[in-house]
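Input: one structure, supplied below.
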Amino acid sequence: MKRKLVKAVAFGSMVLCGLGLYQTSASADTTLRVGTYNLRAPKKNNTNKQRDILEKAHVDIAGTQEINYKNHRFSGKTKYNTLTNFKDDYFKYIFYSNAIDFAGGGYGVATISSLPLDKSSTTKLYSSQAGEHLKQLRAAYDNYNPDKKSTVKKLDNLTAKYGKKLVEPRVYQRSVIEKDGKKIAFYNTHLSYESTKIRKKQFKELAKAMKDDKVKYQVLVGDFNADQNTTEWKTFTKDFNISNGQDGIWRDTFIGEDDTMKVNSIDNIITSKNIKISNVHSVKSTASDHIPLVADLTLK
């Protein structure tokens, strides 16, 4: 009996050890679901619905663009904040970056996350804009108030006079998140729509920032406004993995109307080579003039 008991215990230990090995092996890969979503600033959207779209898609962290931050974009005495309804029990962490002052508040991008955000920072991107145009644009943006017709007219006149010569300042933001003991540098941005020449320099800036990053894993999301062709993405395809355009499949993420655009696959999720991208998909919705792009990432 004793001998059989010893064998039974030994067998049980082997099973437990085997399970332990299996669990360790299975947990070696860290997965993360990432999204990017342009929320459309000129319209007062149903932000509860926009948030729910990302939550129901089980997104762990997302970059959002066109954020109205405590400004008078819309009529009324109360300032509007796109992010008010985004912070909840699911998305507990939010980091906002201001691109330009607007309507007594701000306009920019934000990272929303179910994971804690660490070492968050904002960096200015290249812009060809300088001198009087930028000064005039900043003044017109900051003073804008739909309830004051003179401020609306001033911005309209400025836009009619200079058109795409009025280049909005752009930024990118970076935060560090951690899952299963692995740290990931998460970048979020919204690039210039005004010209491919400007975007080319911005693309290179972002690629360099990621290459120089000391954190092992890097993820970049955003509205890149690469709306004239898909060749702009060549800046990233050599040293990084891309979601939109993976295996030659391009997904239209802009669903609005703009006659100047030649392609609508302008939102993307880009990663360092040590991250595998799978299950790339968009989420159908009319809550914005963009639809969310979502992908599963596996950290090798």
Say whether Tyr144 and Asp142, considering side chains only, have a donor N or O and an acceptor N or O under 3.5 Å apart. no

ring-ring contact (aromatic ring centres under 6.0 Å, His included) between Tyr107 and Tyr141: does it pass, once the steps are laid out? CA-CA 10 Å; Tyr107 170 73; Tyr141 267 20; 7.2 Å; no

Contacts of type side chain to side chain donor-acceptor pair (under 3.5 Å), residue Thr36, not counting sequence neighbours: Gln65

Counting only heavy atoms not in Lys124, do more than 12 sit closer than 6.0 Å to its NZ atom? no

Look at the rings of Phe74 and Tyr80 and say which category their plane angle falls in: under 30° parallel, 30 to 60° tilted, over 60° perpendicular. perpendicular

Do Arg174 and Phe186 meet the cation-pi criteria used here (NZ or CZ under 6.0 Å from the six-membered ring centre, within 45° of the axis)? no

We want to know whether Asp147 and Ser75 form a side-chain donor-acceptor pair, criterion being a heavy-atom distance below 3.5 angstrom. yes

Side chain to side chain contact (heavy atoms under 4.5 Å, CB included) against Asp60, all qualifying residues, sequence neighbours excluded: Leu32, Arg33, Ser114, Lys179

Would a distance-only check, ignoring hydrogens and angles, find a side-chain to backbone donor-acceptor pair under 3.5 Å from Ser192 to Glu194? no

Between the side chains of Asp223 and Tyr193, does any donor sit under 3.5 Å from an acceptor? no

Among residues at least two apart in sequence or on other chains, which ones pass side chain to side chain contact (heavy atoms under 4.5 Å, CB included) with Phe91? Arg51, Leu54, Glu55, Asp88, Ile112

With sequence neighbours excluded, what pairs up with Asp247 under the side chain to side chain donor-acceptor pair (under 3.5 Å) test? none

If we count only N and O atoms by modelled type, under 3.5 Å, do the side chains of Thr47 and Asn45 hold a donor and an acceptor together? no

Would the distance check show the side chain of Tyr217 and the main-chain N or O of Lys300 forming a donor-acceptor pair, the cut-off being under 3.5 Å? yes

Tell me if a side-chain donor or acceptor on Arg251 pairs with a main-chain N or O of Ser282 at a distance below 3.5 Å. no

Backbone N/O of Arg40 and side chain of Asn38: donor-acceptor pair under 3.5 Å: yes

My understanding is that only residues two or more places apart in sequence, or in another chain, count here; which of them pass side chain to side chain donor-acceptor pair (under 3.5 Å) with Thr151? none

Aromatic plane relationship, Phe203 with Phe236 - under 30° parallel, 30 to 60° tilted, over 60° perpendicular: tilted

Got a donor-acceptor contact below 3.5 angstrom from the Asn244 side chain to the Asp267 backbone? yes

Side chain to side chain contact (heavy atoms under 4.5 Å, CB included) filter on Ser97, not counting sequence neighbours, yields Phe95, Val109, Thr122, Val171, Gln173

Residues Gly35 and Ile269: closest non-hydrogen pair is CA-CD1, 4.2 Å

